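See structure below.
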Protein chains: 2
Amino acid sequence: MTAAAPTTLTDVARHAGVSRATVSLVLRGSPLVAAGTQLRVREAVAAVGYVYNRGAATMRGTGTKTVGLLVTEIDNPFFAELTAGASAALDIAGYIPFLATTEESAARQDRAVQRLREHHVDGLILCPSMETRPAWIAGLAERGVRLVQVMRFVKDSIGDFAGPANEAGMEALTEHLIRLGHRRIAFAGAAVMHSGLRQRVAGVRAALRRHGLPAPLVLRTPATRAGGAEAAVRLCAMPERPSALMCCNDVVAFGAMQALRERGLGIGRDIAVTGVGDVPEAAACLPGLTTLATNPRGIGREAVRLLLRRIADPKAAPEHVALPVRLVVRGSTGGGNRSGEL
Amino acid sequence: MTAAAPTTLTDVARHAGVSRATVSLVLRGSPLVAAGTQLRVREAVAAVGYVYNRGAATMRGTGTKTVGLLVTEIDNPFFAELTAGASAALDIAGYIPFLATTEESAARQDRAVQRLREHHVDGLILCPSMETRPAWIAGLAERGVRLVQVMRFVKDSIGDFAGPANEAGMEALTEHLIRLGHRRIAFAGAAVMHSGLRQRVAGVRAALRRHGLPAPLVLRTPATRAGGAEAAVRLCAMPERPSALMCCNDVVAFGAMQALRERGLGIGRDIAVTGVGDVPEAAACLPGLTTLATNPRGIGREAVRLLLRRIADPKAAPEHVALPVRLVVRGSTGGGNRSGEL
DNA sequence: TGCTCTCACTGGATCGATCCAATTGGCAAG
DNA sequence: CTTGCCAATTGGATCGATCCAGTGAGAGCA
């Protein structure tokens, strides 16, 4: 009653009156086994309550059907959705993810990868933390670790990548502001730069340059709610205040909006604010936040596709996928409408 | 260069001039090995770039140092934070979690658990999906699966549990409304009941009964943003409208607030609204949402503590932990203050 | 009948770390 | 000088699924 009987292939084989090898073939869906035998084996599996032992199978070289999913922080609606997309796609393929968070620490990231390697994961989906060295990425590849980078791509590294079309999206968002008459634009949330942020700033810069407008004022504040508020405060203290504040993500924008409001500025009237991400709160807040919908779920799915391809063919040519983003215009860039999409 | 040399204990042993058994002892920190030998072995490990193979170790009966973490949905700030708390606590203990989502489907849940069993997880942290049968939980226990339930506890099941003190919290929240003069109270988001929801409604009911007030009007709307809006619409259509709407969670409350606002009702003035969870948006929206802070991170940590204890001592007495919740009063229950905590 | 050929199935070796019983060398006590 | 003992180390068997080289039965054909 109490003890869990650890049933093995041998138990099933005995029960079905065949050999271990035959049971193994049936379990892996081999066509070499006669239909009648397959049936008998499957009945035996059910009868003895057999549970496949992936660990034992791994020792003979088959993959583990596991992958590591490393994000900087799971308590961030963006990464939570990315994780959901990746997890669903992996599930369909019969894989299951190990979850680990790096908290932006290269040391933690290295420890996590080490632990995942001990578990012989078939591959890794990684949002590289700050300070990740290209040599580190290369070292993993050399040791046979299949790896797809998401959201950020370590400069001078090689390999697969899936992320949002940051630059094109920010260009569209900036064009929108320019059409509304904005000329001086600030960018908030660039305290520490990574490839994704660099692309976003580059997009803003490109759009402004195309229209012969001055480069954006980059505020190097943290990419947090508090950082957004800090940026707003600094903005308010300026003699010639920019008329639009573009934030590196939605959360930063929420912080900025609250601080601006407390200083008596009308969002969308006295100053325009934009975000990136289109998290649920962006539609619900007042006024609604103009932002870029970046489809994190799709990025997670795409990363899985790339990783499974890489596992199947380790020497395939590296692929970089930039998923299209969608401009979502709401009240925070004017138009007087209180909320909701235009 | 290209091939990944799969180094084993034997390689390390050869390099250090000792036997496999000795290397194994060193790696597991046995005190039986002389200090000098330990040093030589550790140097050899580094020299050959050895990576421990947990799968092989598992075959000799040692645990896998993995656990399964099953939540209904990861793209829900509450479960994301719970996951973060659990993940951090597991990391400290040298464990790593498999992540799986059930999407409230008992069938998906069963499939996920099956897959986790194939991977020989040492234990399971589970937020049981709707329709989970107590017999299913009991069956797992019989087969030696160590399991801790979080947030919800399957009725008539046995085992460990960690969750918020729902009933006490809702009593406090209801008392707050009663102090403010509310007499007729509605509860939104009870389309499908689980133990957590039952406790919440029971808390409301208990506080009202204590004050000789009528039982709450339970609106059986879905526990989503849209469900909250639906509840608000139904509320507005009533002849004798309750003066307070208590929502089963913050997200439902946001939906309700938006719908009420669109119908010209002043939140906190014409009608009071409350949530549960205290997600970041609760502090940022206008007016701020009065809610219960439920400490999801702490629940995740606590679940890990219970699970590790259960793994260490499978026949310990079951423990149920209700983590204290904190009443956070903001503008949505009146007082005229626009935002922020009182 | 004798021969080849295919199909269905099988026994034994194997993966890499761990456990156990056994061995070695060194040292103190008798 | 032997004996006993302890600390340090080791070889071999083991866990459970998989791979491989086979075996045997039966069909097809001359």
Side-chain angles (χ1 to χ4, degrees), chain A residues 3-42 44-45 48-66 94 115 117-122 144, chain B residues 3-42 44-45 48-66 94 115 117-122 144:
Chain A
T7 70
T8 74
L9 268 196
T10 310
D11 299 319
V12 176
R14 191 172 18 239
H15 196 275
V18 295
S19 73
R20 279 189 338 265
T22 303
V23 177
S24 180
L25 289 171
V26 171
L27 287 179
R28 285 175 295 147
S30 164
L32 295 174
V33 183
T37 312
Q38 293 210 21
L39 195 66
R40 248 182 321 135
V41 168
R42 288 193 198 287
V45 165
V48 303
Y50 170 73
V51 177
Y52 188 77
N53 183 338
R54 275 233 153 71
T58 302
M59 286 197 60
R60 287 290 306 191
T62 58
T64 52
K65 292 283 185 179
T66 63
R115 194 170 288 171
R117 293 227 287 147
E118 294 184 359
H119 285 289
H120 278 215
V121 291
D122 293 341
Chain B
T7 69
T8 73
L9 267 196
T10 310
D11 299 319
V12 177
R14 189 168 23 237
H15 196 275
V18 294
S19 72
R20 282 191 333 269
T22 303
V23 177
S24 179
L25 289 171
V26 171
L27 288 178
R28 286 174 295 148
S30 163
L32 294 173
V33 182
T37 311
Q38 293 211 20
L39 195 65
R40 248 183 320 135
V41 169
R42 288 193 196 290
V45 165
V48 303
Y50 170 73
V51 177
Y52 187 77
N53 183 336
R54 275 233 152 70
T58 302
M59 286 196 58
R60 287 291 304 188
T62 58
T64 52
K65 290 282 182 181
T66 64
R115 195 169 287 172
R117 292 226 288 147
E118 293 183 358
H119 285 288
H120 278 214
V121 292
D122 292 342

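Here the structure is a predicted model, which is why all the values come from computation and not from measurement. Just so it is clear: chains get the letters A, B, ... in the order the sequence lines come, proteins before strands, and each one is counted from 1.
Atom CG of Leu32(A) is separated from atom P of dT10(C) by 13 Å (rounded to the nearest Å). Spacing between atom CG of Asp11(B) and atom P of dG16(C) amounts to 8 Å, rounded to whole angstrom units. Distance Arg54(B) CZ to dA17(C) P: 12 Å, rounded to the nearest Å. dA13(C) atom P lies 17 Å from atom CE of Met59(A), rounded to whole Å. Rounding to whole angstrom units, CG of residue Leu9(B) and P of dC19(C) are separated by 12 Å. The distance between atom NE2 of His119(B) and atom P of dA17(D), rounded to the nearest whole Å, is 14 Å. Across the protein-nucleic acid pair, Leu39(A) atom CG and dA8(C) atom C1' stand 16 Å apart, rounded to whole Å. Here the P atom of nucleotide dG16(C) and the OH atom of Tyr52(B) are 14 Å apart, to the nearest Å.
In terms of modelled atom types and a separation under 3.5 Å, the side chain of Arg54(B) and the main chain of Glu118(A) share no donor-acceptor contact. Without hydrogens or angle criteria, Thr58(A) side chain to Thr64(A) main chain gives no donor-acceptor distance under 3.5 Å. The backbone N or O of Ser24(B) sits less than 3.5 Å from a side-chain atom of Arg28(B), completing a donor-acceptor pair.
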*Please test Val12(A) against Leu27(A) for side-chain contact (heavy atoms from CB on, under 4.5 Å), starting from the C-alpha separation and ending with a verdict.*
CA-CA 11 Å; Val12(A) 176; Leu27(A) 287 179; over 6 Å; no
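When all heavy atoms of Ala44(B) and Ala16(B) are compared, the pair lying nearest together is CB-CB, 3.7 Å. Residue Thr7(B) comes nearest to Val51(B) through the heavy atom pair OG1-N, 4.0 Å, listed as atom of the first residue, atom of the second, then distance.
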Using nucleotides 19-23 of chain D, report all nitrogen or oxygen pairs with the protein that are shorter than 3.5 Å.
residue : atom : partner  : partner atom : Å
dC19(D) : OP2  : Arg28(A) : NH1          : 2.6
dC19(D) : O4'  : Arg60(A) : NH2          : 3.0

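Closest contact between the side chain of Ala34(B) and the listed nucleotides dA8(D), dA17(D), dA17(C) involves dA8(D). Among dG16(D), dC9(C), dT18(D), the nucleotide with an atom closest to any side-chain atom of Thr37(A) is dC9(C).
From one end of the helix from dT1(C)-dA30(D) to dG30(C)-dC1(D) to the other, with five pairs defining each end axis, the axis direction shifts by 50° (rounded to 10°).
Position along DNA chain D of the nearest nucleotide to Thr58(A) versus Arg40(B) favours Arg40(B) as the more 5'-ward residue.
Taken to the nearest 0.5 Å, the OG1 atom of Thr8(B) stands 8.5 Å off from the CZ atom of Arg20(B).
Nucleic acid contact class of Val18(B) (heavy atoms, under 4.0 Å, all strands): sugar-phosphate only.
Side chains of Val26(A) and Val45(A) form no contact here, defined as non-hydrogen atoms less than 4.5 Å apart. The side-chain heavy atoms of Thr66(B) and His119(B), taken from C-beta on, include no pair separated by under 4.5 Å.
Considering only side-chain N and O atoms, Thr8(B) lies nowhere under 4.0 angstrom from the phosphate OP1 or OP2 of dG16(C).
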